[in-house]
Amino acid sequence: MGTRKAFRASVAHCLDDPFSAGSNVLEYIEDALLVLNDGVVEALGDAQTLLDDERFSDLAVTDYRQYLIVPGFIDTHLHYPQTDIIASHGKQLLEWLEKYTFPAEKQFGDESHALESAAFFIKELLRNGTTSGMIFASVHPQSVDALFTVAEQFNVRVGTGKVMMDRNCPEELQDTAVQGYEDSQRLIDRWHGTGRLSYAVTPRFAPTSTDEQLRLAGKLYADNAGVYVQSHVAENKAEVAWVAELFPWSKSYLDVYDHYGLLGERAIYAHCIHLGDADLIRMRDTGTVAAFCPTSNLFLGSGLFDLHSARAAGVRTGMATDVGGGTSFSMLRTADEAYKVAQMSGNPVSPTQLFYEMTLGGARALSMQQYVGNFEVGKEADFSVMDLAATALLERRVGVANTFEEKLFAFIVLGDDRCTRATYLMGQQAFAADS
Ligand code: GUN
Ligand code: ZN
């Protein structure tokens, strides 16, 4: 028998995909007991019923009865070296990279800067209730060591990888095809599969890699079972035109990655805004994931991702902050903007669909659903304790809501990091608002 503990609170989570299975996949238990054994879920149910059960009679119960426990949020795409350039004014993607991003990323060759930034970054995720993510580091292998070192200390379930880029960026930030390959392989051997950590092969985007580098990235993905690929595709119209010039043989931007074996079930592509129907079919057929980054897409003026069309085409999707092109670490702020972007396409997303994308949907997008995403028995207990009275306005709005879905929507639209009372990783407190 392992270490048992329990938490008493309202609990909400998704049991399945509301896009395909309908809104009754949302389970809400107003007075729930969440019972953990050695950091994984042993039981979830009505508090009084479980407390009356002799199996659970001598549990240490933490009383969070005025709060809502939700699964840890899952951010399917963001950049830790861009923490300090969040909210940089006035440019679209290609100029924004030159003016703000590359100068910031140059600093990550300095190990102490990388470590300090990584620690701030992981704490900021936890403050926002995010417990898993697929994260870009910088081109420097030591930036990956720094993030994995901090992630291991906190015990977050994350993926990251060394950016591969061997052209069309400042010389200081360039690797070579062979160096990028060898450094990536070394990092995979050092880190992939240790604890809750995964490696992601990380070609920045097609314009900053030669054909040879993309080929070697595909080889890393093929040769190392279980590693991910993360990159960007079809974010900005000028970027799309540039890719067509650089790869004149390609049928489309996505086709460049396809050609080098970089699509698949563990491949996560941020943005996916300017794609054609054939690209969506190819993404569906290969199981490739589109990471929807609404705050970034609005902030950089990139365009509107069409979540409904992607889902209708059978494409796997996740939601993502894309810090620092995105403007918030909060998946609540991100889901709020996702709702507005969907409104622009005339297809509103439901509160349950938004909540799914932040939790179980993100876990499925990152192929982590056997570990995290909801409170099914046996899953790792990553969760946050949320205060739906954290601001006067949210408290007032939630106070007049008639249904839980109405409360959930107000929480998404009006909530932010002020709502997070505490965040737990495998049942251990990793963040507390008042400590
Ligand atoms: N495309 C290539 N690199 C980046 C990046 O760092 N951020 C965003 N939003 N798009 C990119
Ligand atoms: Zn990005």
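All residue numbers in this chain count up from 1 along the given sequence. As the structure lists them, so they are numbered: ligands from 1, and atoms in each ligand from 1.
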**Asked** What atoms of ligand 1 come closer than 4.0 angstrom to any heavy atom of Asp322?
**Response** 8 (C), 9 (N)
**Test item: side-chain donor near acceptor, Thr423 and Ser384, under 3.5 Å** = yes
**Message:** Check Asp434 with Arg421, please: is the shortest side-chain N to carboxylate O separation under 4.0 Å?
**Reply:** yes
**Message:** Regarding Arg215 and Asp211, does a basic nitrogen lie under 4.0 Å from an acidic carboxylate oxygen?
**Reply:** no
**Fill in**
The expected count of protein N/O/S atoms at less than 2.8 Å from the Zn ion (ligand 2) is 4
**Message:** At under 4.0 Å between heavy atoms, is it the side chain or the backbone of Leu93 that contacts ligand 1, or both, or neither?
**Reply:** side chain
**Item:** Aromatic ring proximity, centroids under 6.0 angstrom, Phe375 and His13
**Value:** yes
**Asked** Which bit of Glu235 is near ligand 1, meaning a heavy atom under 4.0 Å away: side chain, backbone, both or neither?
**Response** side chain
**Asked** Has ligand 1 got any nitrogen or oxygen that is less than 3.5 angstrom from a nitrogen or oxygen of Glu105?
**Response** no
**Message:** Check for me whether Arg266 meets the cation-pi criterion with Tyr228, that is, NZ or CZ under 6.0 Å from the six-membered ring centre and within 45 degrees of the ring axis.
**Reply:** yes
**Fill in**
Exactly one candidate in Thr130, Thr321, Asn128, Thr334 meets side-chain hydrogen bond (donor to acceptor under 3.5 Å, both in side chains) with Asp75; the answer is Thr321
**Prompt:** What protein heavy atom sits nearest atom 3 (N) of ligand 1, and how far off is it?
**Reply:** Arg204 NE, 2.8 Å
**Message:** Taking the basic N atoms (NZ, or NE/NH1/NH2) and the acidic carboxylate oxygens, is any pair closer than 4.0 Å for Arg364 and Asp16?
**Reply:** yes
**Message:** Tell me whether the rings of His79 and His232 are parallel (<30°), tilted (30 to 60°) or perpendicular (>60°).
**Reply:** parallel
**Within 45° cone of Tyr371 ring axis and under 6.0 Å: Arg157 NZ or CZ** = yes
**Request:** Please state whether Trp96 comes within less than 4.0 angstrom of ligand 1, counting heavy atoms only.
**Result:** yes
**Prompt:** Hey, does His271 sit under 4.0 Å from ligand 1 if you only count heavy atoms?
**Reply:** yes
**Prompt:** Charged N to carboxylate O under 4.0 angstrom, Arg311 versus Asp17?
**Reply:** yes
**Request:** May I ask you to check if ligand 1 and Gln82 share an N or O to N or O distance below 3.5 Å?
**Result:** yes
